[in-house]
Amino acid sequence: MLELDHSKLGYEFPAYDVDVEKGQLKFFAKAIGETNPIYSDEEAAKDAGHRTIPALPTFPIVVNMSGPEYLPVLDLLGMKLSGILHANQSFEYFGDLYAGDKITVTNKISDMQEKKGGALLFVTVESSFTNQDGELVVKADQTLAYRNS
Amino acid sequence: MSEIVVGTEIPALEIKPVSRTTLALYCGASADHNPIHVDIDFAKKAGLDDVIAHGMLSMAYLGRMLTNWVPQAQLRKFSNRFAAMTHIGDVITCTGKVVELLEKNGETLARCEIQAANADGELTLMGEALVAVA
């Protein structure tokens, strides 16, 4: 049975940069059924006062997932991919995120908890998204639940 | 947009049934390649009967409800708990309402309770959004 290594609380993963690509924003909008043209048509976005196509509210998770490794927290803590579920997610918005931005992503383990006598393990990763101008645009918290079996 | 007050209901958003194609598209578009959402063999090994939808797909649906209601630039905070799995064929409906108006950093914010539910009325996501009131 996996136990949480509490010495990893506060662990910071290596930061990485992600280019926010217009094509991926359009594909994401299509995949979630978003039909507002500002999210897929640059002219419509400009007509609505945007400098180009904006990223949708949950898109920062895509930026996060576009790093060099898929959920590196799993390897760090010895968790199998088949045992995890997404438990909680939050986003806090401070600025705009647009096509063409280069975002620096940081990830840090901010909380670890056992529940049900260790049958369920919870780990929270706190992320920050800073654009090419050094402006913090989004913060996010992702909590994963791991089912011990 | 009419005035936002405590009790204002956010226009609901009903989503067409979740299909395998929906999940394959979201897998590619979101960079979330966890096979539990697209590979039934992997899902069965993980103890499930079938693939399950990405929680973040449903959160994106809640986001659509919010940005249909107010311009995205007014969104300050958006969070939820994933309360139950979403399965193939489920029809998800997103709803929400304003429960409080509060002042923060010189802005009036509407605190909204938001949720996603399947056709049986089971809540799949339960969360909150903070929206600046113009």
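Computed from heavy atoms alone, side chains included, the values below leave out hydrogens, waters and symmetry copies. Letters A, B, ... mirror the listed sequences (proteins, then strands); counts begin at 1.
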Q. Based on non-hydrogen pairs under 4.5 Å, which of A/Gly33, A/Gly83, A/Gly23, A/Ala48 is most in contact with chain B?
A. A/Gly33
Q.
Restricting to non-hydrogen atoms, name the atom on B/Arg64 and the atom on A/Ile32 that form the minimum distance, rounded to 0.1 Å.
A. NH1-O, 2.7 Å
Q.
Can you tell me how far apart OG1 (A/Thr35) and CG (B/Asn68) are? Round to the nearest 0.5 Å.
A. 7.0 Å
Q) When only pairs under 4.5 Å are counted, which of A/Pro54, A/Ala31, A/Ala87, A/Ala29 shares the most heavy-atom pairs with chain B? A) A/Ala87
Q) Heavy-atom count around A/Met65 CE within 6.0 Å, excluding the residue itself: above 12? A) yes
Q.
Grouping I, L, V, M, F, W and Y whenever their side-chain heavy atoms are under 4.5 Å apart, do B/Leu130 and B/Trp69 come out in a common cluster?
A. no
Q) Could you give the distance from CD1 (A/Ile84) to CD1 (B/Ile36), rounded to the nearest 0.5 Å? A) 8.0 Å
Q: Starting at CG of B/Asp32, measure out to OH of A/Tyr70 and round the result to the nearest 0.5 Å.
A: 3.5 Å
(Q) Between A/Tyr39 and chain B, with a heavy-atom cut-off of 4.5 Å, which part of the residue counts as in contact: side chain, backbone, both or neither? (A) side chain
**Q.** Proximity of residues 47-61 of chain B to chain A, residues having a non-hydrogen atom under 4.5 angstrom
**A.** B/Ile52, B/Met56, B/Leu57, B/Met59, B/Ala60, B/Tyr61
Q. Under 4.5 Å between any side-chain heavy atoms of B/Phe78 and A/Thr58, yes or no?
A. yes
Q | Inter-residue atom distance A/His86.NE2 - B/Asn34.CG, 0.5 Å rounding | A | 11.5 Å
Q: Quick one: which of B/Leu66, B/Asn80, B/Thr22 has the most heavy-atom pairs under 4.5 Å with chain A, could you say?
A: B/Asn80
Q. Would A/Ile53 and A/Tyr98 show up in the same hydrophobic cluster when neighbours are defined by side-chain heavy atoms closer than 4.5 Å?
A. no
**Q.** Residue A/Leu25 versus chain B: region with a heavy atom under 4.5 Å
**A.** neither
Q. Checking A/Phe91 against chain B: side chain, backbone, both or neither under 4.5 Å from a heavy atom?
A. both
Q: Say whether A/Leu9 and A/Met79 are linked into one hydrophobic cluster, either directly or through other cluster members, by side-chain heavy-atom distances under 4.5 angstrom.
A: yes
Q: Identify whether B/Leu109 and B/Val6 are in the same connected component of the hydrophobic contact network (ILVMFWY, side-chain heavy atoms under 4.5 Å).
A: no
**Q.** For chain B, the option from A/Val62, A/Val63, A/Leu71, A/Leu56 that forms the most heavy-atom pairs under 4.5 Å
**A.** A/Val62
Q) Are B/Met85 and A/Tyr146 co-members of a hydrophobic cluster defined by side-chain heavy atoms under 4.5 Å apart? A) yes
Q: Indicate the atoms forming the closest heavy-atom contact of A/Asn88 with B/Phe82, along with that distance.
A: N-CD1, 3.8 Å
Q) Out of A/Ser90, A/Pro57, A/Ser66, which one racks up the most heavy-atom pairs below 4.5 Å with chain B? A) A/Pro57
Q. Just checking heavy atoms, which of residues 115-145 of chain A are less than 4.5 Å from chain B?
A. none
**Q.** Donor-acceptor under 3.5 Å (B/Gln72 side chain, A/Ala55 main chain)
**A.** yes
Q: Measure distances from B/Phe42 to the heavy atoms of chain A and classify the residue's part below 4.5 Å as side chain, backbone, both or neither.
A: side chain
